[in-house]
Structure formats: structure tokens, C-alpha cells
Amino acid sequence: MDEAERRARLGEIAPDRLAELDEDEAEDEHVLPALPNAEDGAVVMRAAPNPNGPWHLGHARMPAVIGTYKRRYDGAFICRFDDTDPETKRPDLDAYDAILEDIEYLGFEPDRVIRASDRLETYYEHARELIGAGGAYTCSCAGDDFSELKNAGEPCPHREKDGETVRAEFEEMVAGEYDAGEMVLRVKTDIDHKNPALRDWVAFRMIDTPHPREAAADYRCWPMLDFQSGVDDHLTGVTHIIRGIDLQDSAKRQRFVYDYFGWEYPEVLHWGHVQVDEYDVKLSTSTIKELIEAGELTGWDDPRAPTIRSVRRRGIRGQALVDSMTELGMSTADVDLAMSSVYANNRDIVDDDANRYFLVRDREDDPAVDRDVIGGPDAGHPPLHPDHEERGTRTVPAGRVLIEESDLPARGDRVWLKGFGCVRHTRDAFEYVGDDIEVVREGDVDVVHWVPADESLRTLVRTVEGDVRGFAEPAIADAAVDDLVQFERVGFVRLDEFDPEPAGEAYGPTGEEDLVTYYAHP
RNA sequence: GCUCUGGUAGUGUAGUCCGGCCAAUCAUAUUGCCCUCUCGAGGCAAUGACCGGGGUUCAAAUCCCCGCCGGAGCACCA
């Protein structure tokens, strides 16, 4: 019985089992697990960033996963800026676009972009409705006092206020007639709920600081995340919510509001925190912001910063990040993202396109050393790409060359200058021996990269560990800014700028360079 | 303190719901070999894990109990 017959037979005797098999097979094509209760064409998900800065690497996970599900289920991707705190988590006006740019770099485009700060009237309307249903009350308790009562499971005196008073006081909140801390609107949940986190939580509070967006600058009464997000998820038709374990209780809190309104709560998935190895800098927007302000980092795209802009500048494709993020799966456990996995994914994507060039590094512990080449041709002609002969070769002038000291053979020994030929290290020169590759095949001679001593480009390589200087072969001038190339035996870099201006900082170009590159990975 | 929640190799992941095909999958990593005019790519191989202890069972990564360790919430932050 062949495969087709077997399937047909199984279809006759156990159609359910056959469908199950098909489902399992379809599952195998996806890295991510199937979404619960997902219907093709009817999945709506949202990323809800707080626009308080450009994104760090951890932020890539949400668009990566949502975008991937969107494609899989032919769904919708909403980007909703939850910018409802003009004070503590004050939005950064540049961050709205910066975040959208970061999403675009990852290869996705939101179907809809909304800002919570545009929707205050909507939240107020729902608050009025909730008050009307007896589901909320205005409360002027001091935070600590309420907390004490709450922890004891005791209601505060405001809980039993009559509806008219609540309604009037809420209108006064909306009108901005209270100062910060004087009055809040609480959702009436269950004051002795066994989980203290769910007891009568705050839905609206007063904030004196105007919102940085002009359109929202006049509002003083702001909703808290759980109210705003809950209302918006329903109103925008979100079917599946993904959020971090720090918001584990949000769904439970919001369900009280959903119950008052008779709404059905979306499916919710939680995932753990992401940590990234390889960086000294913490994965935190505020930490990175501080380091930049203190001049420790040259900007959001400093290669030492664990940000999306940084890996982008280093030539890492958004797709590589997306692949790594989806491979992390949907576990509620905290996870560590190994940058080596991002690098492996990126190599897969870029290796074929990246042309090869030589760079001789000039480092403290392994300086570039120069030697005259005696005899042999005038130049070497290594291929632009070993797997693509049709791309042709580069010309690397010989004469006097630089190699890295650790590649220098002992006196009397030979070394193979890649694309040029075999030379013997005599006294203080390289004496040309020949171009018979057999010596390399026999394993007696190492193959090394090299550059001409005089015609090369002074090059700055900016890496995660800091800046490295060196000399790139002249042919690299044929490559363009933004190209990703491989410095043979060193690694992949993105060409960032020719003849850079001095950065005027401890790191970055001094102005003496001919070329600045950003190091991606080995 | 109260309430959630998690623990499979260095890292991530599959398997856990419905116990056996799991002496545990795949990827990455590391190492070695082959190939290659790169330390890239490609090929092959090796390394390496079910948090612990009890119990149920013919059979436990999977079910039950007790521990241990982690993460989160109990904000007028998101």
C-alpha cells in the first residue's frame, strides 16, 4: 500500500484521524504553536507599545510574533500606542515614528495605527456607562489609606456613594477640577477577592502634567492601562492578546469591566521576559536613554547598545531578528535570546550576497605589520565571492603589504597571501615562492588575508565590544554605503560611511578614517 | 504576608492536555574530521537535558503528593 492508498483507506475508516494527521502536518511547517480558537481571516492582534523611546531588542518579539501570526491566519495587526501617562512614563514625541520605523525594518506594516491619547472621550463615555451600571465609584482616599483597607479586605467609605454623586464627581475629574492625587475613579470588583491585586482597582486618575502631544495636552483625567487597554481591545475587535507575565492579572482585572458591559474577553497568551546575551547594557529603554545622555553610548544605534537600531546599523536583517524571536516560542518562562542565533539566521540570509574583501586589523595586542614583497605579480586577484565566480575578482596591489602579526610566519617559513600566492618570510621581507596551490592543499602553508601597505583605506570597525581600527583593501571603494560585505577571516560588516566626519567623542570616528564599518558577526 | 505563574542539553525548542512508538526532537553552540586559496558557506560526526523526593501503574518527562529554585502582581507606571 503506498502513501496515497493508505490515506484513502484511513479516510474511509477514520476520517477524524486523517484530519488530525493533516493538522499535525500543517503544524510542523510553523515554528509558532497554533493560536487557540483562531479562524482564518478573523484574527486581530495588537502591539501596544508605550512610546517612551526607540525599541530595544526585546521589543522586537511582539511585532515578530504578531506579524507572523497575521500572515499565517490572514489576520490584522494593530499598533496601538498606550500613551496614557504624561508623567511617569512620559511619551517621547519622536518615539512614535521611531517605533513604526522599527516595525517596518522587521518587515511588517501595521494595518492600523492608533494612539490612546486620541481616544480620551471614548474612555470617558465608557466610564460613564460603567458608573451608570454601578460598576465604578469616585474615591478620594489617600493611596496608602486605601491600600491598607484593601489589604484587609475592607471597603472604603466612598464605595457606597450614590450614583449621582459619583457621576458628578467624575465629571469634575474630566473637567480637571481636581489636582493629582485628590480623586480617582475605581472599578467596583470584589473588595475581599482572594487575590488582593484584583480588588477595586483604579480606572482613572488625575495628572497635572500636560501630555506632550498637543492634541492631548488639555486632558488632566487619564485612564489607567487596564481600563484603557481593556476598552480598546474590545472596541478594535482584538481576538488574541499576547502580553508579558507582568500583566498576568490584567485579564482578570479587565474581566470585571467586560462583565459589566457584557463583552466577551479575547484569548490571552502570556510570555516571559526576554534577556539577551552578549551585551553589557541592560535591556531597558530608560537605562539606554541614560547611558546616551551621559555620553557612554553614542546613540540608540551605537553597536554596544542592545537596540533594534543598533543591529540594523550593523547590517543585521530584520528577518533574522524575526526568525530568532519566533524560535523563542510562546513559553511563559523567562527566556534568554542567544545573539549567536540571530547571527546564524542573518548569515543564512546575507552570505550569498555579501562580497568579500580584506581588512587587516591593527590592534594593540595584534598589530598590523608591513613587509616588502620581493618578486611575483604586481597584484593579487581574489574573487569577489568564492561561490560566485561570475562576479569577477578584485585587484589587491602587492609590493609592500600589511598582515596581522599573529598571521606572520616564523622566519624561513611560508605563508599564502590569499588570491596572490605563496611567499617566504625572509629577514624583513616576503620573497615570492610561486602560485602552486598544492602547498596549501598539502597543509604546510596557512592562507591569510592581507592588504597593500600604502593604498589601503584607513578603516574603523565599530563592534559590540568597542571600536577596532584597521586597513581595508582599496577595491572596497567600489562597494556602496549600506552594503553588507565580508572581511575575510574577520566577519561580516555593513559599510556605514566613507570619509566620515569626526564624532567628537571617545568612540566613533576621529575624522582620520577613510571608511567606517559596523561589525555584524563572524 | 497574600495571589498568580513557571522549571526538558550552554541557549531556544518539540514531546506534557489524551502515560507506552522518548535510552527524548529540531535548531543554535562547542569540538573534531572532510571540503574549500577565509576562521564564511557546504558535508559528516561527537558533546550535552526531563529541578529533587515520594506515590499510582506492567509502564511516568507526561498523572498525584511533598519539597526546592525561579519569575510576576498586590501602584493614582506601562
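Protein chains get the first letters and strands the later ones, always in sequence-line order, with residue 1 at the start of each.
Base pairing of B/U62 is not made with any nucleotide, judged by Watson-Crick or G-U wobble geometry with both donor-acceptor distances under 3.5 Å.
Between A/Y137 and A/H158, the ring centre distance reaches or exceeds 6.0 Å.
Between B/A46 and B/C51, the distance separating the two C1' atoms is 27 Å to the nearest Å. For the P atoms, the distance linking B/G67 with B/C74 amounts to 27 Å, nearest Å.
Across the protein-nucleic acid pair, A/R347 atom CZ and B/C39 atom C1' stand 11 Å apart, rounded to whole Å. Distance, A/R253 CZ to B/G73 P: 10 Å, rounded to whole Å. At whole-Å resolution of the value, NE2 in A/H521 and C1' in B/A29 are 16 Å apart. When rounded to the nearest whole Å, the span between CG of A/N151 and C1' of B/A75 equals 12 Å.
Residue contacts shown for A/P49 are absent, as no nucleic acid heavy atom lies under 4.0 Å away. Heavy atoms of A/Q248 sit under 4.0 angstrom from at least one base atom. Among the heavy atoms of the strands, none lies under 4.0 Å from A/C422.
Cation-pi check for A/R213 over A/Y219 is not met; the charged atom does not lie both under 6.0 angstrom from the ring centroid and within 45 degrees of its normal. Annotation: cation-pi pair A/R253/A/F227 absent, no NZ/CZ under 6.0 Å from the ring centroid and within 45° of its normal.
With B/U13, B/G7, B/A29 as the choices, the nucleotide that has an atom nearest any side-chain atom of A/S331 turns out to be B/U13.
Within the structure, a side-chain polar atom (N or O) of A/K150 is placed less than 4.0 Å from OP1 or OP2 of B/A75.
Residue A/E488 holds its CD atom at 10.0 Å from CG of A/N355, rounded to the nearest 0.5 Å.
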